[in-house]
There are 2 protein chains.
Amino acid sequence: MTIHHQPGKERIDAVRGFNRFYTRQIGLLDEGLLKSAFSLTEARVLYELAHRDGLTATDLARDLGLDPGYLSRLLKKFEERGLVERVATQTDARRSSITLTPGGRAAFAPLNQGSHDQVAALLDRLSAPEQDRLVKAMQTVQRLLGESAEPKVPYMLRPLQVGDIGWIIHRQGLLYAQEYGWDETYEALVAEILGAFVKSYDPKWERSWIAEREAEVVGSVFLVRQSDAVARLRLLYVEPSARGLGIGRRLVEECIGFARAKAYKTLTLWTNDVLSSARRIYEAAGFKLANQERHHAFGKDLVGQNWSLEL
Amino acid sequence: MTIHHQPGKERIDAVRGFNRFYTRQIGLLDEGLLKSAFSLTEARVLYELAHRDGLTATDLARDLGLDPGYLSRLLKKFEERGLVERVATQTDARRSSITLTPGGRAAFAPLNQGSHDQVAALLDRLSAPEQDRLVKAMQTVQRLLGESAEPKVPYMLRPLQVGDIGWIIHRQGLLYAQEYGWDETYEALVAEILGAFVKSYDPKWERSWIAEREAEVVGSVFLVRQSDAVARLRLLYVEPSARGLGIGRRLVEECIGFARAKAYKTLTLWTNDVLSSARRIYEAAGFKLANQERHHAFGKDLVGQNWSLEL
DNA sequence: ACCACTTACTTGACTTAGTCAAGTATCAGT
DNA sequence: ACTGATACTTGACTAAGTCAAGTAAGTGGT
């Protein structure tokens with residue numbers, strides 16, 4: 001599924017620049033903690049022990065990237081000082097599960113507080129929105145570079161919030177410009193549709209679904225009332241990064257379910273034949289192609305299609 | 001100008017989590033380079049020397065956070081190996097300007113290539129849009145935590161691009177919701193206005209200005225034709241992070257200049273009295289309050305104002 | 001049950017990296 | 001010319017980390 005690219009020199013340089021920057025940044029933060037009785041590595045080990053239970057030496061060495069020999073001695077020293085306890089595991093007598101003693105927790109507390117205060121001071125130089133942007137950006141970096149552990153909840157659906165329609169307009173505008181070369185009139189059309197949707201929103205007959213994944217909007221669909229009998233599905237979209245999770249299908253299903261519940265007779269939609277992945281979803285959901293016609297829009301020659309589903 | 005806040009425990013924890021994550025990340029990257037003849041610190045010194053001219057030992061120690069004594073020995077070793085040359089500066093005989101010799105460059109090249117390849121491999125695991133998001137996020141972190149060296153160009157104005165109107169709708173919706181508690185109908189209004197603007201755009205009589213700062217949209221304004229004689233200024237906004245740079249004033253000036261050039265007779269605008277910073281800009285530009293009236297919109301009781309400027 | 005192979009640590013013998021304090025030479029201001 | 005900084009340098013350390021060899025315990029195949 002991963003698409004391979006020539007990463008591009010500017011990107012590589014930007015990442016290398018960030019690495020140099022953050023190497024220094026971490027160095028600065030360490031300096032502050034150096035006054036304590038523990039080295040950075042010791043502090044990292046204590047942190048892990050304080051936050052996770054039943055760790056073995058191997059776990060620590062792996063997660064922190066430490067030499068087993070070095071770690072062994074380090075733990076021995078901790079044990080002698082009464083900071084940790086090692087208990088051989090039942091299942092495997094070679095391993096021992098390492099836990100902080102109350103004394104170890106007491107030793108860790110000021111260290112932890114120091115690091116906490118230091119970061120608090122760092123953040124305090126920024127305004128609240130800047131802090132938010134920083135945290136979001138860090139989470140983005142971590143998510144992209146991390147082991148990409150799949151989130152427990154792959155996605156969730158929620159109703160529209162402030163900021164959503166602008167975001168959806170932005171993303172759809174960019175996406176269809178990139179993927180199909182459509183011009184800014186498509187983005188404008190989305191803006192008009194969504195502006196009108198909110199303005200004349202009738203909660204009894206209409207609804208929107210926003211798919212969210214790790215606090216990011218990754219898809220959406222809107223159902224609008226066309227007449228007593230006919231509902232229209234509009235603006236189905238799923239972020240490329242979230243494709244393959246069944247979000248598109250799920251959004252269409254929600255629409256159909258809602259339309260049935262509201263006793264609409266027909267669910268219609270308009271799309272263009274180039275949007276093949278959307279078309280497959282509509283077909284699978286039972287939509288039939290009603291008619292199609294060539295038209296010129298969004299700077300391209302297109303084939304518009306009307307699909308409908310009898311409910 | 002900086003507003004102080006209680007940084008909030010989740011944010012602090014998020015930043016600390018990122019620091020632990022990136023400590024490990026940097027550790028991993030170093031491991032790869034450890035096979036070379038140089039230590040991480042040596043590599044950092046070589047990198048600096050390869051990319052900046054006329055550095056002194058003090059510069060290096062400061063920028064990389066190194067102990068002067070340690071650095072001194074390190075440089076001595078480099079000099080003995082013929083990697084660097086030290087020339088006492090004319091102005092100050094205590095300092096010497098350190099430069100890489102051709103041999104030093106030759107020694108640095110594979111190191112540099114190794115780091116480059118390593119990062120390229122890291123990036124290659126991501127799709128192109130993910131790479132972009134990563135780089136953007138890293139730049140955000142760096143900008144926020146860095147010495148915040150003011151960009152050379154504080155901002156630039158450019159015409160509308162695909163993605164802009166959605167972004168502006170998104171930001172204005174969120175901003176006015178946060179600052180004034182307006183509901184989603186304001187965002188919808190912006191969407192309708194901008195959708196219509198693009199749809200019926202007449203380049204001869206209308207224009208948009210987007211203010212960009214470090215590749216981020218930080219403000220915008222739109223001028224639309226109302227009649228042969230009357231132009232209307234719409235949707236002036238400036239990001240809070242970019243306020244105080246005169247962007248708002250500049251955007252309004254551009255509008256006025258354009259309106260004059262097109263021989264409009266009057267420039268009008270509608271706003272609400274709660275938007276006091278915008279009002280100050282209009283007043284300073286010579287706009288006069290034509291009339292105002294109470295109205296209920298965006299979930300609030302407001303006072304709408306019409307301002308106009310005879311050109 | 002036994003053998004070969006792996007894993008989870010441990011230990012000894014190192015090297016490297018970094019620190020700290022006390023120097024020397026030079027400069028900047030008065 | 002004198003005072004107090006600055007820009008290194010050097011000596012004497014300690015801490016931090018590495019590497020290879022070893023031991024005890026598990027795992028899988030026959």
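All chains are named by letter (A, B, ...) in the order of the sequence lines, taking the proteins before the strands, and each is independently numbered beginning at 1. Because the structure is predicted, anything quoted here is derived from the model rather than measured.
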Are any of [X]'s side-chain N or O atoms less than 4.0 Å away from OP1 or OP2 of [N]?
X       : N      : value
A:Thr56 : C:dC9  : yes
B:Thr41 : C:dA17 : no
B:Arg86 : D:dT9  : yes
B:Lys76 : D:dT10 : yes

Rounded interatomic separation in angstrom, taking [atom1] from [X] and [atom2] from [N]:
X       : N      : atom1 : atom2 : result
A:Asp59 : C:dA8  : CG    : C1'   : 11 Å
B:Arg44 : C:dA17 : CZ    : P     : 13 Å
A:Leu60 : C:dT7  : CG    : P     : 19 Å
A:Lys77 : C:dT10 : NZ    : P     : 15 Å
B:Leu55 : D:dC8  : CG    : P     : 11 Å
A:Leu75 : C:dT10 : CG    : C1'   : 11 Å
B:Leu66 : D:dA7  : CG    : P     : 16 Å
A:Arg73 : D:dG22 : CZ    : C1'   : 13 Å

Less than 4.5 Å apart, side chain to side chain, heavy atoms only: is that true for [X] and [Y]?
X        : Y        : value
A:Leu245 : A:Val238 : no
B:Tyr22  : A:Thr23  : no
B:Gln139 : B:Glu216 : no
B:Thr101 : B:Val84  : no

| message | Counting only side-chain heavy atoms from C-beta out, which of D:dC8, C:dA8, C:dT10 sits nearest to A:Thr58? | response |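 Looking only at heavy atoms from C-beta outward on A:Thr58, the closest nucleotide is C:dA8.
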| message | Can you tell me how the ring of B:Trp167 sits relative to the ring of B:His170, calling it parallel under 30°, perpendicular over 60° and tilted otherwise? | response |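 It falls in the tilted class, 30° to 60°.
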| field | A:Tyr47 and A:His51 aromatic ring geometry - parallel, tilted or perpendicular at 30°/60° bounds | value |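 The rings of A:His51 and A:Tyr47 lie parallel, inter-plane angle below 30°.
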| task | Would you work out how much the helix from C:dA1-D:dT30 to C:dT30-D:dA1 bends between its ends, with each end axis defined by five base pairs, to 10 degrees? | result |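 End axes: 40° apart.
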| message | Can you pull out every salt bridge (Lys or Arg N to Asp or Glu O under 4.0 Å) where at least one residue sits in residues 58-70 of chain A? Sequence neighbours excluded, please. | response |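 For residues 58-70 of chain A, and leaving out neighbouring residues, the salt bridge (Lys or Arg N to Asp or Glu O under 4.0 Å) pairs sorted by first residue read A:Arg52-A:Asp63, A:Asp59-A:Arg62.
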| task | Working to the nearest 0.5 Å, report the span between OH of B:Tyr237 and CZ of B:Arg243. | result |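 Taking OH in B:Tyr237 and CZ in B:Arg243, the distance rounds to 9.5 Å.
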| message | Within the 4.0 Å limit for protein heavy atoms, which parts of nucleotides 21-30 of chain C are touched? Write it as a string from 5' to 3', B for base, S for sugar-phosphate only, - for none. | response | ----BBS---
| query | With no hydrogens and no angle check, do the side chains of B:Arg16 and A:Asn112 hold a donor and an acceptor under 3.5 Å apart? | reply |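 Looking only at side-chain atoms, A:Asn112 and B:Arg16 do form a donor-acceptor pair, the distance falling under 3.5 Å.
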